[in-house]
Amino acid sequence: MSDQLTLTAETRERGGKGASRELRRNGRVPAVVYGGKEEPLMIHVEEKLLMKQLMTGHFMNSVVMIDVDGKQIRTLPKDVAFHPVKDRPIHADFLRISKDAKVHVDVPVVFANEDASPGLKRGGVLNVVRHELELICDADKIPDGITIDVTGFDVGDSIHISHVALPKGAESAITDRDFTIATIVAPSALKSSDGDTTKDDGEAAGDA
């Protein structure tokens, strides 16, 4: 489960581009906390601390406690906008959540036991269709990643969401189909001369 993070913030009374530029010149990033049937709260946070937390790799899937004026607000990061040239954060959005809330998150997938896959051992290639899974889970139990065991999968096989053991309390946000996560395809030297490749109901070609 992702660690809970904390960001110290200060409220900002002025909005607009001018006020935001002034904050950024002083090493601050304007942000807003919204949702929870409350009025949006305009805040600003320290850029260095925000960047440090972004570098953890799981910031967008972590509960972030916003500490403002001595009060802590439980949030989930929803968006961080970056400068198109300098690649610095210029704005952040946070969604208020309750402790027992269900949240919609994108969780990265990790593949395990590749040496136990007959297809990969024979030179097949793991073609990843989805690098992340859209999950609905408890706010305080967001997984860092979902591990998928490829033991036994051969060339031509597809790995679907039905093959994945999700953590307790988590479920796929996509419920209308057994979508493809990855396929094991033959290396170029073993493909048929007509260029046929392995697909699963068209998903391997474009499902994302």
Side-chain angles (χ1 to χ4, degrees), residues 1-110 130-147 164 166-175 208:
M1 184 179 70
S2 298
D3 296 331
Q4 179 175 286
L5 304 174
T6 299
L7 272 175
T8 301
E10 297 179 17
T11 57
R12 55 188 176 103
E13 297 181 359
R14 292 192 302 129
K17 294 182 179 180
S20 294
R21 282 196 295 266
E22 183 178 352
L23 285 170
R24 295 183 192 111
R25 284 196 295 268
N26 292 319
R28 310 291 293 184
V29 178
V32 62
V33 179
Y34 65 93
K37 298 181 180 179
E38 296 184 38
E39 290 294 320
L41 176 65
M42 295 195 302
I43 59 172
H44 56 92
V45 300
E46 183 182 357
E47 180 183 343
K48 289 182 179 179
L49 181 56
L50 178 59
M51 281 297 299
K52 182 179 179 180
Q53 296 193 358
L54 284 166
M55 294 299 289
T56 64
H58 57 79
F59 178 75
M60 299 303 293
N61 291 334
S62 297
V63 173
V64 177
M65 301 300 291
I66 303 292
D67 190 339
V68 54
D69 296 333
K71 177 184 177 182
Q72 287 201 328
I73 306 171
R74 181 183 296 270
T75 74
L76 185 70
K78 297 304 293 183
D79 185 58
V80 178
F82 289 86
H83 191 282
V85 177
K86 299 179 181 179
D87 201 30
R88 294 171 52 185
I90 58 175
H91 193 275
D93 292 342
F94 297 89
L95 174 68
R96 290 187 186 92
I97 57 173
S98 60
K99 186 175 182 180
D100 56 352
K102 291 279 189 178
V103 294
H104 188 145
V105 292
D106 294 328
V107 179
V109 296
V110 179
R130 290 176 179 264
H131 293 273
E132 296 179 324
L133 296 181
E134 297 177 57
L135 300 182
I136 297 174
C137 57
D138 296 335
D140 58 347
K141 295 180 180 179
I142 303 173
D144 290 329
I146 299 297
T147 300
V164 181
L166 296 176
K168 184 179 180 180
E171 60 185 24
S172 174
I174 300 173
T175 59

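A heavy-atom distance below 4.5 Å is not found between the side chains of M55 and K52. A heavy-atom distance below 4.5 Å is found between the side chains of P143 and C137. A 4.5 Å side-chain heavy-atom check between T56 and S62 finds every atom pair outside the cut-off. Side chains of M51 and P89 form a contact here, defined as non-hydrogen atoms less than 4.5 Å apart. Between F59 and L50 there is a side-chain heavy-atom pair separated by less than 4.5 Å. For the pair P30 and R24, the minimum side-chain heavy-atom distance is below 4.5 Å.
If you take CG on L23 and NE2 on H44, they are separated by 5.5 Å, rounding to the nearest 0.5 Å.
With hydrogens and angles ignored, the 3.5 Å screen pairs no side-chain donor or acceptor of E132 with any backbone N or O of V105. Judged by distance alone, the side chain of R12 and the main-chain N or O of A31 form a donor-acceptor pair under 3.5 Å. Under a 3.5 Å cut-off, the side chain of N61 and the backbone N or O of D106 do form a donor-acceptor pair.
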Run the side-chain donor-acceptor check on residues 63-77: report pairs under 3.5 Å with partners two or more places apart or on a different chain.
from, atom 1, to, atom 2, distance (Å)
T75, OG1, V64, O, 2.7

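Under the rule for a salt bridge (charged side-chain N to carboxylate O under 4.0 Å, His left out), the partners of R96 that lie at least two apart in sequence or sit in another chain are E38. Residues satisfying the salt bridge (charged side-chain N to carboxylate O under 4.0 Å, His left out) criterion with D138, sequence neighbours excluded, are K102. Remark: E46 pairs with R28, K48, L49 by the side chain to side chain contact (heavy atoms under 4.5 Å, CB included) rule, at least two apart or across chains. Taking R88 as the reference, E47 meet the salt bridge (charged side-chain N to carboxylate O under 4.0 Å, His left out) condition, with sequence neighbours excluded. With sequence neighbours left out, H83 forms a side chain to side chain contact (heavy atoms under 4.5 Å, CB included) with V85, K86, I90.
Only one option out of L41, L95, D93 pairs with V33 in a side-chain contact (heavy atoms from CB on, under 4.5 Å); it is L41.
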| request: Dump the intermediate steps for side-chain contact (heavy atoms from CB on, under 4.5 Å) on E134 and I174, then the final yes or no. | output: CA-CA 7 Å; E134 297 177 57; I174 300 173; 3.7 Å; yes

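Across every non-hydrogen atom of G145 and V107, the tightest pair is CA-CG1, 3.5 Å. Between S172 and L135 the shortest heavy-atom distance is CA-CD2, 4.1 Å. The two residues S98 and A139 have their closest heavy-atom pair at O-CB, 4.1 Å. Across K78 and Y34, no two heavy atoms sit closer than the pair CG-OH, 3.4 Å.
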